Amino acid sequence: MSKEKKIYKPKSVSGFPEWLPEVRRVEQQWFDHIRRVFESYGFCSIETPSIEELDVLRAKGEVDKEIYVLERLHKEEDDDSDARLALHFDQTVPLARYVAQHFNDLIFPFKRYQMQRVWRGERPQAGRFREFYQCDIDVINVDALPLHFDAEMPAIIWEVLNDLPGMEGENIQLRVSNRKILIGMCECLGITNIVEVTRIIDKLEKIGEQDAYADLLELGLNDEQLALIIEISSIKSSPSEISGLLRDFIARNDVIARSGSDEAIQTFNGGVAELETVMDQLKHLPEDAVIADLSIVRGLDYYTGTVYETVFTDDPGYGSICSGGRYDDLAGSYINKALPGVGISIGFSRLFDRLRQKGAFDVTRKSAADILMVLPNEEQRAAAAETARTLRERGYNVELYHAAQKIKKQMSYAERKGIPYVWFPPFEAGQDHEVKCMETGGQTKADPQNWEPRKEERDAAVA
RNA sequence: GCGGCUGUAGCUCAGUGGUAGAGCACUCGGUUGUGGUCCGAGUUGUCGUGGGUUCGAUCCCCAUCAGCCGCCCCA
């Protein structure tokens with residue numbers, strides 16, 4: 001080593017977030033909360049490897065996804081044995097593989113949740129990462145999956161999001177639609193470039209009706225097609241009113257009955273019926289919490305019916321923080337059985353980072369400790385450690401200060417780490433224990449066997 | 001992948017063609033067993049990287065990399 005030591009400037013890679021302990025603590029609380037709600041509906045947990053074979057990830061046509069592939073640094077020039085490995089970009093495709101592979105050992109309907117990191121090689125931006133967490137729930141069944149689950153998904157998500165720490169001041173809205181409606185409509189109208197149409201409709205809110213109109217015109221749609229597509233896509237409604245709006249639309253536009261194939265009409269009518277049923281089962285949720293929004297179609301091509309998106313009502317441009325839908329045949333590439341499913345995914349990192357940047361989190365506590373045990377001097381070390389053990393057995397998190405330094409220094413340490421209580425064991429034999437509440441500054445005598453934080457102090461310390 | 005902006009201490013940022021500063025943070029101190037405030041002292045930089053112009057560049061030019069924002073796409 002030379003005298004001038006080389007220092008790499010430490011920095012994290014953009015798009016790969018990491019948090020300080022006080023933020024990580026909130027993140028852990030979020031995971032705990034989400035897990036609790038998911039499990040309360042009977043979902044089990046699984047975890048799949050970060051890596052899948054590239055062919056598995058590509059089996060469902062997601063080729064344009066930016067996928068990170070895995071490669072050894074030491075590999076030989078012509079060695080491509082690792083080239084088939086890649087980091088998964090979502091949890092739905094691995095789930096399909098998992099279900100197909102363990103088909104005989106699973107009980108259907110298979111209800112699982114999964115909270116893992118996923119990777120996408122996109123350009124990082126606000127709310128967009130290259131490594132991030134998703135929290136998914138999915139239900140997969142054999143042959144047919146009851147529509148009831150399509151309604152259960154948003155209900156669960158609403159419960160999760162509503163109670164997350166820091167979400168108190170946020171207005172979010174789950175938007176539900178059914179792809180069969182727009183697709184059936186396009187087919188009825190004889191529109192062939194359906195993918196392009198759905199892509200434009202998906203951006204309807206963002207680009208506005210004017211631009212959507214122009215873009216559709218450019219695709220070669222005629223006036224009648226245009227008008228109908230825009231009209232139906234513009235339908236937004238509460239759960240209780242959607243049925244009436246759809247019926248009214250159908251009654252006024254008999255074009256659907258007149259043109260198109262029977263199959264197209266069936267698709268359209270099926271979508272309408274499904275959406276009505278799903279929305280009907282969501283009427284118990286608060287006003288505006290969940291709406292039907294026919295402009296939601298979603299880009300992912302494997303969705304076949306119900307689709308979901310979730311936005312901040314006051315900032316829909318931030319992007320969806322929770323999306324999903326129904327897929328009839330995701331596992332079909334891996335097994336010769338019909339395994340329809342419906343699922344939804346919380347964009348954990350996107351949601352979390354927004355609230356973090358808004359300062360919505362309590363970031364005062366930089367450790368899990370409830371109590372800092374003062375070490376008065378080396379002679380009292382054993383007694384202090386014993387007191388700490390007693391309190392730990394009673395369920396408190398206790399950190400014993402590491403050195404018999406000035407009390408001022410030990411206090412300052414507790415203050416900076418946001419530890420709510422400082423415990424003073426006897427400085428000399430025969431004296432009393434004392435506890436100080438850092439929030440109020442109050443200090444009282446205490447017995448480690450039966451001390452409890454006073455309620456108001458506990459609230460203050462927790463808040 | 002395409003377009004725009006930015007790159008100076010751990011952080012937020014000043015600054016000048018003649019080899020750099022502030023605030024915050026951090027460390028220590030303001031004596032005996034008590035934090036937050038205040039006061040004092042101190043530590044910290046290949047001025048993103050490589051090349052060019054120049055007697056001389058952190059400042060000008062070119063390239064490159066990285067970051068931010070928008071597009072595409074999406075959680």
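Excluded from the calculations below are hydrogen atoms, water molecules and symmetry mates; all remaining heavy atoms, backbone and side chain alike, are included. Since the structure is predicted, the reported quantities are computational estimates derived from the model, not experimental observations.
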query = After noting the C-alpha distance and the side-chain angles of A/I183 and A/E187, does the key distance pass the side-chain contact (heavy atoms from CB on, under 4.5 Å) rule?
reply = CA-CA 6 Å; A/I183 289 170; A/E187 287 171 350; 3.8 Å; yes
Can you tell me the base-pairing partner of [N]? Count Watson-Crick or G-U wobble geometry only, both distances below 3.5 Å, and say none if there is no partner.
N	value
B/U32	none
B/G3	B/C69
B/U44	none
B/A20	none

Phosphate oxygens OP1/OP2 of [N]: is one of them under 4.0 Å from a side-chain N or O of [X]?
X	N	answer
A/R199	B/C73	yes
A/S349	B/A75	no
A/S323	B/C74	no

Please determine, for the side chain of [X], which listed nucleotide ([options]) has the closest atom?
X	options	value
A/E415	B/C71, B/A75, B/G35	B/G35
A/E122	B/A75, B/G35, B/G67	B/A75
A/K409	B/G35, B/C68, B/C28	B/C28
A/R128	B/C26, B/G35, B/C72	B/C72
A/R350	B/U34, B/C72, B/A75	B/A75
A/A126	B/C26, B/C69, B/C73	B/C69
A/K406	B/A75, B/G36, B/G30	B/G30

Electrostatic pair [X]:[Y] at N-O distance under 4.0 angstrom:
X	Y	value
A/E274	A/R179	no
A/E309	A/R175	no
A/R128	A/D353	no

Counting only distance, no hydrogens or angles, is the base of [N] paired donor-acceptor with the side chain of [X] under 3.5 Å?
X	N	answer
A/R120	B/A75	yes
A/Q410	B/U34	no
A/Q431	B/G33	yes
A/R123	B/C68	no

Rounded [atom1] spacing from [N] to [M] in Å:
N	M	atom1	result
B/U34	B/C69	C1'	49 Å
B/A20	B/A57	P	14 Å
B/G21	B/G15	P	15 Å
B/C39	B/U16	C1'	34 Å
B/G45	B/G7	C1'	15 Å

inquiry  = Restricting to non-hydrogen atoms, name the atom on A/S177 and the atom on A/D293 that form the minimum distance, rounded to 0.1 Å.
reply    =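 For A/S177 versus A/D293, the nearest heavy atoms are CB-O, 3.2 Å.
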Residue closer to the 5' end of RNA chain B, A/R130 versus A/K436 (nearest nucleotide) =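 Nearest-nucleotide comparison on RNA chain B picks A/K436.
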inquiry  = Is A/F348 stacked against the base of B/A75, taking the criterion as centroid distance under 5.5 angstrom and interplanar angle under 30°?
reply    = no
request  = Could you say whether the aromatic ring of A/F424 and the base of B/G33 stack, counting only centre distances under 5.5 Å and plane angles under 30°?
outcome  =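 The ring of A/F424 is not stacked on B/G33.
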key: For A/R112, the option from A/V139, A/D136, A/I140 that meets side-chain contact (heavy atoms from CB on, under 4.5 Å)   = A/D136
